[in-house]
Amino acid sequence: MRYFFLLALILSSSVLVAQNDSPLLIGHLHDEKIDIIEYSIDGSISEIYTDGDRNRIPEYYKDGLILIQSPGLSILNLKSNSFFEIGEKSELHFVGGFFKTKPWFFYSRMITENSMPETVIYDYKLNKIFKVIDGFYPDLSIKDDNLFFMQAEIDSTGNETKYFRDILRYDPKLDSIVVVTRHELSEYSKYDITEVKSISSNKYYYRVYDEHEYRYYLDYRGEEQAFYSGGHGHYIDGLNKEQYDLCFSSDGRYAAFTERNWNEITYIVLIDLKQGKRYELKAYGSFPMFHGDRLYYISDPDFYNTDDVSFRQIKDYALFYVNLSTREAKMAYDFEGGISFVK
């Protein structure tokens, strides 16, 4: 659902975070059309593009180009207001973003219905595929353009069959792929690994799905550790904590994710990685994203700082932010129509 509502994009070569004074690009779905809007830190907005086809979903920005999912792939050139079709005919599994130092973007696709997804690196200047990688759930590190992804492996030795998720890394400078770590799956504990997020080639994190939760972890000296869990285990006072939407600031100092108990709304957790501190904010919402000295997120004005944390869906979508210095939540803009972040 997130693809149909808001695109928060950043006007720099990074797909995640821009300079303090650069505006956000926001894709706003309303009246069966999508507007691309600049949102400035002073609260002003200006429309820069309107697309009458609500099925063309803007995804990522770089150097005046916007990657569009429609449901195939195309690139919108904002300077010429022209579309360039990529021509991908396979079923898209995941749309990634632009590399910062290369004229590339990445995505994953399904070749056949029963096959595992593969990751594609596309050169948009040469208009051709640069590399196809056997792997899925790709994520680009924010500092050095290393591409992390996963592979599914099976070991059938004797009468026992074991299932694994390998985390791998592609280094574009060396044009090489290395296996970073292997995780054995189990029907009694670790069901799957559903996401990899990375700051640099040697700093990565992953989300584990087990019987009770989705939570983020890291490998520390060969051992799996919870990523700033706040001391929470599987059960806290009889409740289960789950985590979603991990993101990082462009300098790698801050991290953020959403967290919730079962049957409660999600709240924002801010991590100061330099100080090693975790802050549970009274800021209820979803899809956090760093931009300058703010952490933006999406919520409903009716419950963004409520005392009633019982679960309910967002009905009135609005843009909020947390000041990283004061950690106070404020509303940035209330939109008519649906909104959500695309990272």
Side-chain angles (χ1 to χ4, degrees), residues 1-2 5-10 16-18 20 24 26 39 41 142 194-195 197 199 205 207 213-218 226-232 236 239-335 338-343:
M1 183 174 69
R2 62 188 246 185
F5 297 128
L6 167 84
L7 172 66
L9 301 159
I10 302 165
L16 292 178
V17 181
N20 289 350
L24 301 175
I26 296 173
Y39 171 83
I41 195 170
I142 62 174
T194 62
E195 183 182 5
K197 305 296 291 184
I199 296 178
Y205 311 88
R207 192 175 68 168
E213 59 184 16
Y214 290 85
R215 294 190 65 83
Y216 291 104
Y217 293 86
L218 70 152
F227 178 66
Y228 286 93
S229 65
H232 301 318
I236 298 298
L239 301 176
N240 295 275
K241 294 281 189 175
E242 294 189 311
Q243 298 170 340
Y244 302 89
D245 304 318
L246 177 62
C247 63
F248 304 100
S249 61
S250 59
D251 60 3
R253 171 167 179 172
Y254 294 100
F257 52 80
T258 57
E259 188 174 77
R260 72 180 184 97
N261 293 310
W262 283 4
N263 297 319
E264 293 184 359
I265 54 178
T266 57
Y267 54 87
I268 306 296
V269 177
L270 175 66
I271 307 296
D272 186 330
L273 295 172
K274 184 177 181 180
Q275 299 294 330
K277 293 183 178 180
R278 166 191 162 114
Y279 302 96
E280 292 185 15
L281 306 180
K282 190 176 182 181
Y284 296 95
S286 301
F287 312 121
M289 185 200 70
F290 289 96
H291 183 77
D293 62 356
R294 292 178 173 182
L295 175 65
Y296 287 91
Y297 66 101
I298 302 303
S299 189
D300 191 312
D302 286 342
F303 61 75
Y304 80 100
N305 62 352
T306 183
D307 291 324
D308 176 12
V309 297
S310 58
F311 180 78
R312 62 267 208 197
Q313 298 284 356
I314 295 175
K315 295 181 179 179
D316 180 9
Y317 283 77
L319 178 65
F320 291 82
Y321 69 90
V322 172
N323 185 294
L324 296 181
S325 299
T326 64
R327 298 188 293 279
E328 294 179 347
K330 295 183 179 181
M331 186 168 69
Y333 201 89
D334 191 358
F335 290 86
I339 57 174
S340 79
F341 286 120
V342 175
K343 300 170 185 169

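What you see is a predicted model; the values in this text were computed from it and never measured.
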Is there a side-chain contact between [X] and [Y] in this structure, where contact means two heavy atoms from C-beta onward sitting under 4.5 Å apart?
X: Ile41; Y: Arg294; answer: yes
X: Leu295; Y: Phe290; answer: yes
X: Glu280; Y: Glu259; answer: yes
X: Tyr254; Y: Asp272; answer: yes
X: Val309; Y: Arg260; answer: no

Provide the closest heavy-atom pair for [X] versus [Y] in the form atom of the first, atom of the second, distance.
X: Tyr321; Y: Ala332; answer: CD2-CB, 3.8 Å
X: Gly285; Y: Thr258; answer: O-CG2, 3.6 Å
X: Lys197; Y: Leu246; answer: CE-O, 3.2 Å
X: Pro288; Y: Tyr297; answer: CA-CB, 4.1 Å
X: Pro301; Y: Asp334; answer: CG-OD2, 4.1 Å
X: Tyr39; Y: Tyr296; answer: CE2-OH, 3.7 Å

Note to self: I'd like to know if the side chain of Asn261 pairs up with that of Glu264 as donor and acceptor (distance under 3.5 Å, no hydrogens or angles considered).
What the structure shows: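 Yes, because at least one side-chain N or O of Asn261 sits under 3.5 Å from a partner of the opposite role on Glu264.
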Next item on the list: Compute whether any side-chain donor of one residue and acceptor of the other, for Asp308 and Thr306, lie under 3.5 angstrom apart.
Entry: no
Next item on the list: Examine Arg278 relative to Tyr228 and say whether NZ or CZ is less than 6.0 Å from the centre of the six-membered ring and inside a 45° cone about the ring axis.
Entry: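 No, Arg278 and Tyr228 do not form such a contact.
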Note to self: Going by the rule ring pair (Phe, Tyr, Trp, His ring centres under 6.0 Å), which residues pair with Tyr304 if we only count those two or more places apart in sequence or in a different chain?
What the structure shows: Phe320
Margin query: Restricting to ring pair (Phe, Tyr, Trp, His ring centres under 6.0 Å), what partner residues turn up for Phe227, sequence neighbours left out?
Written below: Tyr205
Item checked: Distance, nearest 0.5 Å, that separates CG of Leu324 from CG of Leu270 ->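 Those atoms lie 6.0 Å apart.
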